[in-house]
Colleague: 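The structure is given below, and queries will be raised subsequently.
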Protein chains: 2
Amino acid sequence: MSKQEQDTLEGLAAQLGCYSPLVREPLSGEQAGELSRLFKAMGDPVRLRLLSLIASHAGGEACVCDLTEVFDLSAPTISHHLKVLREAGLITGERRATWVYYRIEPDVLEALAAVLVPAAPDTVPDGLNTTRPEARRELPVVEA
Amino acid sequence: MSKQEQDTLEGLAAQLGCYSPLVREPLSGEQAGELSRLFKAMGDPVRLRLLSLIASHAGGEACVCDLTEVFDLSAPTISHHLKVLREAGLITGERRATWVYYRIEPDVLEALAAVLVPAAPDTVPDGLNTTRPEARRELPVVEA
DNA sequence: GGCTTGTATCGAGGTCAGTCTAATCAGCCC
DNA sequence: GGGCTGATTAGACTGACCTCGATACAAGCC
């Protein structure tokens, strides 16, 4: 992974952790954009299975060669899907000798899960959520 | 909503509740297909904001007229996105007099969140998860 | 019954995403 | 170095998706 990707990744989970649950208050356009990139990355059955295969694989990581043989798809196609997952920040890849191993970023998955439910208060501290007016400027509050 | 959509919806949350978390074991092709439909529906920033607007709106429901004015998009486009969310089972719509009101299906969101994290055992009872061989036949187990 | 307002559907456009083959890069081994 | 295997990149094709204007439907009001 590139240095830039690493930088992006490190802040991703923390950033998502700052999002209030979907049901608590309207998402800003910016928040929706970032979250939708993650959901879009998971919006493909092949990528979802790849994610699951990597996550559930012994040792928490899986070689690309293990993943390719499960699907009736060409290696470049699998590589493409892995790239999408990687660029979304859901997985990281590392080359060791001949093989490339992928592992998931559990923090990102957990943060994503936290967005979907009315999380407990300690999951989304008030001081970190997005009730700051400047973070919501793009989305007018809609009253009945 | 049509009778068929209602039938589909009623079983959706329960069905998702039977899925083991993504990280516990590989998803079958069938599971991945259903989950990816949901994630794909949320993989658009407009739809994510719609979902959030509906979920966080006073009374737990929002009129289409409330939603349309937030975006710089035509009414048919908003209607289209609402249809996608509706057909995915994430929201339900009901006409009352002139207006149509939408509300979310919290069970589906919660089930989706449960898939993303290594859930506590009581969230995914062993007797209900997908370790049944016939449910996994499409996905060979990949060993190291 | 006509008119107005609120939603949904239809059909078309332009763009994006998934897949492939062919070619390229990265490491190992002879 | 040359060849081999594993993985990615490049380019092209096809199909799906997002958006719109035009149209149709639904409900209330004159």
Side-chain angles (χ1 to χ4, degrees), chain A residues 1-2 4-5 29 32-33 36-51 53-54 57 61-88 90-103 142 144, chain B residues 1-2 4-5 29 32-33 36-51 53-54 57 61-88 90-103 142 144:
Chain A
M1 141 168 38
S2 71
Q4 186 179 357
E5 280 182 20
S36 68
R37 282 193 309 104
L38 287 165
F39 285 126
K40 184 180 293 184
M42 301 203 302
D44 181 280
V46 173
R47 286 198 288 269
L48 222 38
R49 290 179 70 186
L50 283 171
L51 207 56
L53 280 166
I54 295 169
H57 201 269
E61 63 181 14
C63 171
V64 177
C65 55
D66 295 329
L67 303 172
T68 305
E69 64 191 14
V70 174
F71 301 90
D72 193 21
L73 295 169
S74 68
T77 298
I78 299 298
S79 190
H80 161 72
H81 285 303
L82 289 170
K83 183 180 181 181
V84 173
L85 290 171
R86 203 175 55 221
E87 290 181 340
L90 288 163
I91 60 174
T92 57
E94 181 195 2
R95 165 158 242 137
R96 286 206 295 276
T98 306
W99 297 275
V100 176
Y101 294 87
Y102 281 97
R103 53 175 60 238
V142 178
Chain B
M1 138 165 46
S2 70
Q4 186 179 359
E5 280 182 18
S36 68
R37 283 193 308 106
L38 287 165
F39 285 127
K40 184 181 291 183
M42 303 204 302
D44 181 281
V46 173
R47 285 197 289 269
L48 222 38
R49 290 180 69 186
L50 283 171
L51 207 56
L53 280 167
I54 295 168
H57 200 270
E61 61 182 15
C63 172
V64 176
C65 56
D66 295 329
L67 304 172
T68 305
E69 63 191 12
V70 175
F71 300 89
D72 193 22
L73 293 170
S74 68
T77 298
I78 299 298
S79 189
H80 160 74
H81 285 303
L82 288 170
K83 183 180 181 182
V84 173
L85 290 171
R86 203 176 54 221
E87 290 181 339
L90 288 163
I91 60 175
T92 56
E94 181 193 2
R95 166 158 243 137
R96 286 207 293 277
T98 305
W99 297 275
V100 176
Y101 294 87
Y102 281 97
R103 54 174 61 237
V142 179

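In what follows, every chain begins at residue 1, and chains take the letters A, B, ... in the order their sequences are listed. Owing to the predicted nature of the structure, the values given are computational and were not obtained by experimental measurement. Computation of the quantities below employed the complete heavy-atom set of this structure, encompassing side-chain atoms and omitting hydrogens, waters and symmetry-equivalent molecules.
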Colleague: Within 45° of the six-membered ring axis of B:Y101 and under 6.0 Å from that ring's centre, is NZ or CZ of B:R96 located there?
Modeller: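 Ring-cation test returns yes.
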Colleague: Calculate, to the nearest 0.5 Å, the distance between atoms NE2 and CZ belonging to B:H80 and B:R47 respectively.
Modeller: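 So the gap between those two atoms works out to 6.0 Å.
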Colleague: Calculate, to the nearest 0.5 Å, the distance between atoms CD1 and NE2 belonging to A:I54 and A:H57 respectively.
Modeller: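 Rounded to the nearest 0.5 Å, the CD1-NE2 separation comes out at 10.0 Å.
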Colleague: Strictly under 4.0 angstrom, non-hydrogen atoms only: write out the protein contact profile of nucleotides 4-17 of chain D, one letter per nucleotide from the 5' end, B, S or -.
Modeller: --BSBB--------
Colleague: What residues, two or more places apart in sequence or in another chain, satisfy side chain to side chain contact (heavy atoms under 4.5 Å, CB included) together with B:S79?
Modeller: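 Residues passing side chain to side chain contact (heavy atoms under 4.5 Å, CB included) with B:S79: none at all.
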Colleague: Quick one: B:R49 CZ to D:dC18 C1', roughly how many Å, whole number?
Modeller: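 Rounded to the whole Å, the gap is 16 Å.
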Colleague: Just do the side-chain contact (heavy atoms from CB on, under 4.5 Å) check on B:L38 and B:M42 with the steps written out, would you?
Modeller: CA-CA 7 Å; B:L38 287 165; B:M42 303 204 302; 5.9 Å; no
Colleague: Between the two ends of the helix from C:dG1-D:dC30 to C:dC30-D:dG1, what is the bend in degrees, rounded to 10 degrees, where each end axis spans five pairs?
Modeller: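 It works out to 10° between the end axes.
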Colleague: Please identify which of these residues, A:I91, A:T92, A:L85, meets the side-chain contact (heavy atoms from CB on, under 4.5 Å) condition with A:Y102.
Modeller: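 Answer after filtering A:I91, A:T92, A:L85: A:I91.
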Colleague: What is the distance, rounded to the nearest whole Å, between atom NE2 of B:H81 and atom P of C:dT9?
Modeller: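 Roughly 14 Å, once rounded to whole Å.
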Colleague: Roughly how far, to the nearest 0.5 Å, is CG of A:L50 from CG of A:L67?
Modeller: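 One gets 5.5 Å once the value is rounded to the nearest 0.5 Å.
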Colleague: Starting at atom CZ of B:R96, determine the distance to atom C1' of D:dG28, rounded to an integer number of angstrom.
Modeller: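 Rounded to the whole Å, the gap is 17 Å.
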Colleague: Can you measure B:F71 atom CZ to D:dC18 atom P for me and round it to whole angstrom units?
Modeller: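 Going from B:F71 (CZ) to D:dC18 (P), I get 14 Å.
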Colleague: Could you please spell out the steps behind the side-chain contact (heavy atoms from CB on, under 4.5 Å) verdict for A:D44 and A:V84?
Modeller: CA-CA 11 Å; A:D44 181 280; A:V84 173; over 6 Å; no
